[in-house]
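Chain letters run A, B, ... following the sequence lines, proteins first, then strands; residues in each count from 1.
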Amino acid sequence: MSNNTDPINENEAQGNENTRRAFFKKFGLIGAVAATGGAAIYSGYRYEESKPDRDLVKVLTADNRLVEVPRDQVKDVKVDLTRLQKLGREGLKGHRWVMVIDLAKCRNARQCVAACQNAHHLRPYEYHINTLVMQESKSTAPYYMPKTCQHCDNPPCVAVCPVDATFKRQDGIVLIDNERCIGCRFCIAACPYSARMFHWEEPLMAEEDKGKVYNIELNVPQRKGTISKCLFSSDRLREGKLPYCVSACPNGVYYFGDENQDAVTNGTTKETHRLSELLRVNGGYHLMPELGTKPRVYYLPPKNRLFEFVDPREQNKNQEKV
Amino acid sequence: MKKRYLSLLLIFVITLRLSAQQEWIVPAENLSKLSTFAFSDSTRKAGMNLYITNCKSCHGDPGKNNVIKLVPPPVDPASDRMQANTDGGMYFKISQGRMPMPTFKNILSPTDVWVVISYLRSFNPKYAQEVAPKVLTGAMVQNVKIHLNWLKEKDQVQAVVSGTKDKIEQPVAGAEVKLFAKRYFGNLLIDEARNTDAQGQVLFNFPKDLPGDSTGYVQLLARLSDEEAYGESKSETTLQIGVPTYKPPLNEQRAMWNVVQKTPIWLLLSYTFTVLAVWAFIFYVLFQIRAISKSGLSKDQDTID
C-alpha cells in the first residue's frame with residue numbers, strides 16, 4: 001500500500017513546487033508586459049504633447065463655407081451601395097410623378113436626348129428617349145414624338161422579371177437594378193412601348209466609371225449585359241429639380257410634376273399649370289390605352305403648330321451632300 | 001458642276017447663319033435699364049450662390065473658361081465679350097434667354113437677376129455701377145407687407161398690402177399683386193394678377209378643387225409685380241384651404257407585377273393548393289408502395305410457416 005501512496009505524495013509535492021514556480025513566472029511576465037506597455041503609452045503621450053499644434057486642413061462644406069478641420073479628424077465619406085439601393089427601392093413618399101409631352105411644340109431639337117445620354121453615360125445611338133417621326137396616314141401631317149418609358153401603373157415589364165431586378169416604387173417610377181439584372185431581356189419583350197435598351201457592348205464610360213458606387217436612381221455605372229431605361233431622372237427629383245430631358249428642352253415640349261398636387265411645371269418656361277386643366281383643355285391622351293398599362297406619361301396632340309415640319313431623313317441627306 | 005456650286009452656296013449660307021446666331025441683339029429700350037439698388041459685397045455673395053445653382057452648369061467658373069459645348073457656346077462671365085454688355089443688356093438676356101439659354105424670368109425674380117449681375121460685374125475691375133434714380137410711382141413706400149386672409153364664405157383669398165410712407169404705415173393702393181400656390185417644381189398662379197383698391201385690399205378667387213396636403217394645408221405666396229417701385233416684397237402663408245389629399249403609394253396594391261409579399265390572393269391560393277396536392281399525391285403513392293410491400297411480406301411468412 002505504501003508503495004502506492006508514495007508516488008502520489010511525490011507528485012503532489014512536485015505539483016505544488018511547479019505551481020509556485022509557474023506563478024512567479026507568470027507574475028514576472030505580466031509585470032514586464034505591463035511595464036513595457038505603460039512605458040509605450042507614456043512615451044506616446046509625451047510625443048503627442050510635444051507635437052506642435054495639430055495639422056489643420058481647409059474643407060469646403062456642403063453649404064459653401066470654408067472651415068478648418070484637424071487632419072486626423074477628416075474622414076472620407078463612403079457612398080454606401082446598400083443605402084442607395086434602399087433609397088432607390090423606396091422612392092419619394094407622397095408623390096406620384098407625371099410627365100406631359102406637348103407634341104405641338106416638338107421640333108426635334110434633340111436637346112432632351114443629348115442631356116439624357118450625357119447624364120446616364122450613353123452612346124449617341126443608345127436611347128432612353130426616342131424621338132419618332134409619326135404620320136398616321138399619307139394625307140395627314142407628320143409630327144415628332146419623343147417617347148420615354150411610360151412608367152406604367154400596371155407595368156408588364158415588372159411582372160415578367162424573374163429576379164425582381166425591375167420594380168415599381170411608391171411614387172410611380174419603374175426602375176431597374178443592375179446589381180440584380182441577369183440580362184434575360186424578358187422585360188424588353190414584354191414592354192409594348194419599346195422603352196428599354198440592352199447593353200450589348202461595354203458601356204460608353206466603362207473605364208471612367210470603374211470603381212464608382214452604383215447609383216440605382218441614375219443607373220450609373222452602366223453595366224454590359226444588363227438593361228437600361230428611362231428613370232424619370234429620379235436622382236434629380238430627390239433634389240427637387242426637374243428631369244434632365246425636361247429642363248434641357250428649348251421648345252417647351254415637356255411638363256413634369258406631381259399628380260397628387262395636380263400641378264405640372266414646364267421645363268423651358270418654368271411656368272406651373274394645373275395638370276387636370278392642361279389635359280382637359282388640350283385633349284391629353286395616353287399611348288395605347290387599350291392595353292390597360294395605365295401609363296404615367298400623357299401626350300397633348302400636335303395641333304396649331306407654328307413651324308414647318310422638316311423630315312430628319314431629308315436633313316441628314318442635305319448634310320451628307322455638304 | 002451645278003452640285004458643287006450648290007454646295008458652296010449652302011456652306012456660305014450656313015456660315016452666314018452661324019455668324020448671325022452669334023449676335024444677340026437687345027432691343028434698344030432695354031439697353032439702358034439700371035438696377036434700383038447699389039451692388040455690394042452682400043449682393044455679390046448672394047449672386048454667387050444664385051450663379052452656382054442656376055448658371056454654373058453651362059457657364060462654368062468665371063475666368064476659367066470651362067463652359068460646356070453648346071451651339072452657340074455659352075460665354076465666360078469674366079470675358080470681355082460678356083462684360084461689354086450694358087447692365088440692361090445683361091438683364092434682358094438673363095430674363096428672356098434664347099436657344100439654348102433658358103429664360104429665367106419665371107425662375108429668378110427681378111431682384112435676383114440684378115443680384116446675379118452684381119456678381120458677374122465683380123469680375124470686371126473697370127466697372128463702375130450706375131444706379132437708377134428712385135422711381136416715383138411707388139411714392140417712396142417702404143417696408144411693404146402683404147397679409148393673406150381666407151374668406152371662407154366667398155372661397156376667396158384676401159391680400160392686404162401695406163407699407164410705410166413718411167414714417168406712417170398705410171395701405172398701398174393700385175399695386176399689382178400675384179398669388180401663387182407652392183408646388184414641388186414651381187409656383188402655381190392662382191386666379192390672375194390683380195390690383196389693390198384704395199384700402200390696399202385685393203381678392204383672389206381660390207379654386208375649390210386644388211389639392212392641399214393630407215390635412216388640406218396649402219402654402220401660399222403673394223408677390224407684388226412691380227419690384228422696381230416697391231422693392232422685393234413677398235409673403236408666404238400656409239392656410240388650410242385645399243382639398244385634403246391622401247393617395248396611397250402606387251406599389252401598395254396586390255398585383256402580378258408587385259413583390260412576393262404583394263402577390264394576388266388567387267395566385268397565392270392556387271399555387272399553394274397545387275404544391276400541396278402534388279406532395280399529397282407523392283406521399284399517397286409512397287404509402288401505397290409501403291402497404292403493398294408489407295402485405296407481400298406477411299404472405300411470404302405465411303407460406304414459410
Side chain, backbone, both or neither of [X] within contact of chain B (heavy atoms, under 4.5 Å):
X	value
A/Asn266	neither
A/Thr272	both
A/His95	side chain
A/Gln111	side chain
A/Arg296	side chain
A/Lys93	neither
A/Asp164	side chain

Can you tell me how far the [atom1] atom of [X] sits from the [atom2] atom of [Y], to the nearest 0.5 Å?
X	Y	atom1	atom2	result
B/Trp257	A/Cys161	CH2	SG	13.5 Å
B/Glu252	A/Lys168	CD	NZ	13.5 Å
B/Leu188	A/Arg274	CG	CZ	7.0 Å
A/Glu271	B/Asn187	CD	CG	11.5 Å
B/Leu250	A/Cys152	CG	SG	12.0 Å
A/Ile173	B/Asn251	CD1	CG	11.5 Å

Chain A contact via B/Val243 - side chain, backbone, both or neither, heavy atoms under 4.5 Å: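 Contact with chain A: none, neither part.
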Interchain contact, B/Pro248 with chain A, by part (heavy-atom threshold 4.5 Å):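 For B/Pro248, heavy atoms of backbone and side chain both lie under 4.5 Å from chain A.
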Smallest separation among heavy atoms of A/Asp153 and B/Gln253, with atom names: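 Closest approach of A/Asp153 to B/Gln253: O-NE2, 4.4 Å.
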B/Tyr184 side chain to A/Trp97 backbone, donor-acceptor under 3.5 Å: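 No; zero donor-acceptor contacts below 3.5 Å.
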Geometric class of the A/Phe256/B/Phe185 ring pair [parallel <30°, tilted 30-60°, perpendicular >60°]: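 Perpendicular: the ring planes of B/Phe185 and A/Phe256 meet at over 60°.
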Take atom [atom1] in [X]; do more than 12 heavy atoms of anything else shown fall under 6.0 Å from it?
X	atom1	answer
B/Lys178	NZ	no
B/Lys262	NZ	yes
B/Phe123	CZ	yes
B/Met256	CE	no

Derivation and outcome, side chain to side chain contact (heavy atoms under 4.5 Å, CB included), residues B/Arg183 and A/Asp258: CA-CA 8 Å; B/Arg183 306 279 95 166; A/Asp258 186 353; over 6 Å; no
Which of A/Ala248, A/Cys157, A/Gly240, A/Ser276 touches chain B most, by non-hydrogen pairs under 4.5 Å: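 Most pairs with chain B among the choices: A/Gly240.
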Winner by heavy-atom pair count (cut-off under 4.5 Å) against chain A, out of B/Val218, B/Leu189, B/Asp209, B/Thr245: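 Going by pairs under 4.5 Å, I would pick B/Asp209.
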